[in-house]
Structure formats: structure tokens, C-alpha cells
There are 2 protein chains.
Amino acid sequence: MSTAQGARARARQEITAAIKEAARRQLAQEGAAKLSLRAVARELGMVSSALYRYFPSRDDLLTALIIDAYDSLGEAAERARDAACEAPPAARWIAVCEAVRGWALGHPHEYALIYGSPVPGYAAPDTTVPAAARIGLVLIGIVRDAHQGPGLTYLPLPAELRPEAERMAADFAADLPPETAAPLVAAWAQLIGLIGFELFGQFNRVVEDREAFFRHAAGRLAESVGLAP
Amino acid sequence: MSTAQGARARARQEITAAIKEAARRQLAQEGAAKLSLRAVARELGMVSSALYRYFPSRDDLLTALIIDAYDSLGEAAERARDAACEAPPAARWIAVCEAVRGWALGHPHEYALIYGSPVPGYAAPDTTVPAAARIGLVLIGIVRDAHQGPGLTYLPLPAELRPEAERMAADFAADLPPETAAPLVAAWAQLIGLIGFELFGQFNRVVEDREAFFRHAAGRLAESVGLAP
DNA sequence: GTCTATAACGAGATAGAC
DNA sequence: GTCTATCTCGTTATAGAC
């Protein structure tokens with residue numbers, strides 16, 4: 001009986017994975033706005049109503065794809081961090097940035113899904129938050145290591161930012177000085193901005209040697225969060 | 001006869017403007033991927049084939065919207081620059097950044113059109129390049145003023161970035177030291193990244209006081225391109 | 001209980017004849 | 001420019017296979 005349940009559960013997982021895979025293909029071809037359950041079902045030789053056993057609605061399928069993308073990106077970042085665990089924090093920071101860029105170049109449509117324009121009529125539920133936070137936690141962790149180890153440099157907080165900085169630090173980096181909270185969040189957004197510009201074509205005819213440019217920018221981001229060069 | 005032609009030209013311009021306005025409304029509701037000439041025509045009480053007198057294809061309408069958006073953003077940036085022409089370069093830089101953010105918050109769907117995910121099946125033609133460059137020229141101009149006036153500080157170029165930096169400087173900032181080229185381009189991408197994160201909801205539950213956070217980040221971007229604080 | 005298939009709904013897009 | 005016939009879509013109700 002447990003075998004039968006195991007087999008059923010396995011089949012269910014396989015079909016779920018096949019649905020998501022087909023949906024990702026559709027994502028690449030038509031974009032998230034046009035993701036359609038019927039087209040996914042057609043590609044799998046299923047009937048559209050059968051998909052509702054696996055995803056209660058089209059939006060739930062989208063949510064699953066978003067969570068998968070965040071997790072895939074987070075995993076790539078964590079692997080890069082672990083591979084560079086012997087290096088000083090600034091080098092580890094750069095390695096993680098390059099891993100994020102590498103993931104984005106390898107998964108452009110999933111990148112667009114999570115960091116591109118919102119899908120009209122869709123609002124990501126709170127269940128996406130933990131997956132979305134993974135990459136942020138990796139970046140915070142590197143700064144934390146530097147704070148507990150070789151040291152962190154930071155500029156004094158301007159008065160107008162102090163309340164917000166203290167709130168941010170209390171929320172997600174209670175053990176770090178509040179001076180680092182805003183630069184960290186800004187560096188995170190700026191990292192994604194750099195990658196998005198490359199991915200979405202804004203660097204065409206502007207930046208040629210993208211690797212060298214990005215490595216340098218990532219290094220300056222590391223400095224901006226207080227990591228010693 | 002010249003009167004008649006003038007009236008005709010005026011009517012044509014008015015209808016063109018009405019079409020773009022309706023298309024922008026559609027953009028806000030359905031997204032760029034689903035922009036359809038038919039829906040635009042319906043909203044205007046026209047027949048879809050009549051639109052082809054004004055825009056040869058859906059892609060041409062999209063291109064016109066993109067150029068308009070870049071121009072609108074560029075104008076906002078230029079106005080902010082001119083309004084702050086008495087202020088020191090760093091303050092002018094921040095004023096321009098805040099104007100860009102203000103424009104984005106006021107025109108989120110046009111922002112998504114130019115800086116968000118690419119529209120599947122659409123490739124922006126070269127005719128969009130001059131409009132897209134306007135905002136960049138404003139930022140470069142501020143750095144140029146600082147270079148010719150109060151002075152600019154910059155770090156030495158790492159060897160691996162020198163060829164690319166010299167190429168970039170020769171392309172769009174021949175009168176500036178090559179050391180500033182890469183930081184300028186990076187700051188431009190990072191500025192858009194910051195704004196995109198706020199606009200697309202990544203700062204939900206992370207940044208509360210968005211104005212203070214952004215002003216601080218813009219100030220640090222100014223420093224990153226060598227403007228004295 | 002778990003799944004797939006059929007059929008249908010209301011809404012909307014689309015192609016082509018006229 | 002108009003009309004119609006035929007597509008698409010998400011979603012649900014229902015029936016039946018395993």
C-alpha cells in the first residue's frame with residue numbers, strides 16, 4: 001500500500017514537473033502574459049481540465065514557476081558562495097554576483113519572470129517571499145562574515161536615513177550595524193539592474209566586454225557595502 | 001489648398017495622438033505583449049484596417065510608444081537638470097535621479113515598456129536609440145560639468161578594464177577621462193535597477209521610506225561617478 | 001480517493017467573405 | 001467597413017476508469 005502511494009506520488013511529481021517544464025517553454029516563446037493552460041495541456045497531450053488536478057488555476061502555475069526561478073537563482077548563488085568560502089569576503093561577493101549574472105544569462109526568460117515587468121492581472125502571493133529572499137540572504141551573509149572577521153567599513157548614517165536604516169537592520173540583519181542596511185539593499189537592486197540592462201539589450205552598442213565591465217562593477221558594489229577591496 | 005493640406009495634416013496628427021493615447025491605456029491594462037491594433041481601434045470607434053493608415057503594423061505602433069516614453073523620460077530629466085543648474089554637480093545629479101524616479105512612478109507602464117522585459121517577438125529598431133540615449137546624455141553632461149568645473153575624483157583603471165573603458169569613452173564621452181566611463185554606465189544601469197525594484201514590488205516589506213532610501217542611494221551613485229559629495 | 005475525458009459557459013480574438 | 005463563422009481562453013460540472 002505504501003508502495004502504491006509512493007508510485008502515485010512519484011507519478012504526480014513527474015507530471016507536475018512535466019507541466020512546469022512545458023510552461024517554461026511557453027514562457028520563453030510567448031511570454032508570461034500569454035501563458036495559457038490550454039497550450040500547456042496541448043503540448044503534453046492532455047486535456048486542459050486535467051491540469052487543474054495539479055494547479056488550481058493559471059495563476060497558481062505562474063506562482064510555481066516564479067518560486068522555482070527564485071529557488072534556482074538562490075541555489076546558484078549559494079553554490080558560488082560555498083565554492084568561494086576560502087576567499088576573502090570581497091572576492092566571495094564578486095563570485096556570487098557573477099553566478100547571479102551567469103544564471104540570468106542562462107535563464108533569461110525566468111529572469112524576466114521574476115525581475116522583469118509584472119504580469120498584468122497577476123499579483124505574486126506571499127508564498128513567493130521566502131524564495132525571493134534567498135539571494136538577499138546570501139549577500140547579507142557575506143557582509144556578516146566580513147563584519148565578524150576581517151572587518152567592515154562604512155560611512156556614517158545621514159540623519160534623515162537613520163530611522164529607516166534601523167528598521168531595515170532590525171528586520172533582516174539585526175547583528176549588523178544599521179549603517180550597512182541601506183547600502184546592502186541598494187547594492188542588491190543595483191546588481192539586478194546591471195544584469196537586466198545587459199540581458200534586455202540596453203548595453204547593445206554601449207558595453208562590449210561585458211565580463212570585464214561586470215566584474216569591475218561587482219567589485220565596486222562590494223566596496224559600496226563596506227567589503228575591503 | 002495649403003489651408004486644406006494644413007488642416008489635413010493637423011487632423012492626421014490629432015488622430016495619431018489619439019491612437020497612441022488609446023494604446024497607452026491598453027498598455028496599462030493588458031501589457032505590451034497583448035497590445036492589439038483591433039482593441040485600439042475598437043476603443044476609438046474605428047475599424048482596425050483604418051489604423052494601418054497611421055501605423056503600418058502593430059510593431060510600428062509599439063516603436064512609437066517606446067520612443068515617446070524615452071522622450072518623455074528624457075525631457076523630465078532635462079527639466080530637472082535645468083532647474084538645478086545653479087546647484088553643484090552632485091546635487092544636480094541627485095535632482096535628475098529623483099526626476100527619473102518621479103517620472104517612473106507617474107508612468108509605470110511606460111517605464112515597464114522601455115526598461116522591463118522585452119516584448120516577445122518584437123525587436124526595437126535603431127530608430128529608438130537616440131531617444132533612449134537622452135537620459136544617458138543628461139547624466140554624462142553632469143559629470144562633464146564637474147570635470148570642467150569643481151573637479152572630478154576617480155579611481156585608477158584596473159588593467160583588464162582599460163581597453164573597454166577607452167573604447168566606451170571614445171564612443172560617448174571623448175572629453176572625459178576614461179576612468180569615468182565604466183562607472184557612469186554602471187551608475188545609469190544601477191539607477192534604473194533601483195527604480196525598477198521599487199516599481200515592480202521588490203521593495204515591498206523591505207524598504208518603507210522610499211524617498212529617503214532613494215535620495216541616499218542617488219547620492220552614493222553620484223559619488224561612484226566621481227562627483228564630490 | 002485519484003485521475004482523465006467530455007462537454008459546456010461566457011468572453012474575447014481572428015480570418016475572410018461580402 | 002461590416003458581418004459571420006471559427007478560433008482561442010480559463011474555468012466548471014459531470015461522468016467514468018483505475
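Computed from heavy atoms alone, side chains included, the values below leave out hydrogens, waters and symmetry copies.
Heavy-atom neighbours of B/R134 CZ from other residues, nucleotides or ligands within 6.0 Å: above the threshold of 12. More than 12 heavy atoms of other shown residues, nucleotides or ligands fall within 6.0 angstrom of atom CZ in B/R210.
Counting only distance, with no hydrogens or angles, the side chain of A/Q202 and the backbone of B/I114 share a donor-acceptor pair below 3.5 Å.
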Using atom types as modelled, flag every donor-acceptor pair under 3.5 Å from a side chain in residues 120-131 of chain B to any protein atom, sequence neighbours excluded.
from, atom 1, to, atom 2, distance (Å)
B/Y122, OH, B/T63, OG1, 2.6
B/D126, OD1, A/R205, NH2, 3.0
B/T128, OG1, B/P125, O, 2.8

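In summary, contact between chain B and DNA chain D, defined as any nucleotide atom under 4.0 Å from a heavy atom of the protein, begins and ends at D/dG1 to D/dT2 in the 5' to 3' direction.
Nearest-nucleotide positions on DNA chain D for A/Q26 and A/P56 put A/Q26 closer to the 5' end.
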Contacts under 3.5 Å, N or O only, protein and nucleotides 4-9 of chain C:
from, atom 1, to, atom 2, distance (Å)
C/dT4, OP1, A/Y54, OH, 3.2
C/dT4, OP2, A/Y54, OH, 3.3
C/dT6, O4, A/S49, OG, 2.9

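Between B/K34 atom NZ and C/dA11 atom P the separation is 17 Å, expressed in whole Å. Spacing between atom CD of B/E30 and atom C1' of C/dA11 amounts to 12 Å, rounded to whole angstrom units.
Relative ring orientation between A/W188 and B/F203 is described as tilted, the plane-to-plane angle lying within the 30° to 60° band.
Residues passing the ring-ring contact (aromatic ring centres under 6.0 Å, His included) test with B/H107 are B/W103, sequence neighbours excluded. In this structure A/S48 satisfies the side chain to side chain contact (heavy atoms under 4.5 Å, CB included) test together with A/R38, A/A41, sequence neighbours excluded.
Counting non-hydrogen atoms under 4.0 angstrom, A/L35 reaches the backbone sugars and phosphates but no base.
Contacts classified as salt bridge (charged side-chain N to carboxylate O under 4.0 Å, His left out) and involving residues 20-33 of chain A (residues at least two apart or in different chains) are given here: A/K20-A/D68, A/E21-A/R25, A/R24-A/D68, A/R25-A/E43.
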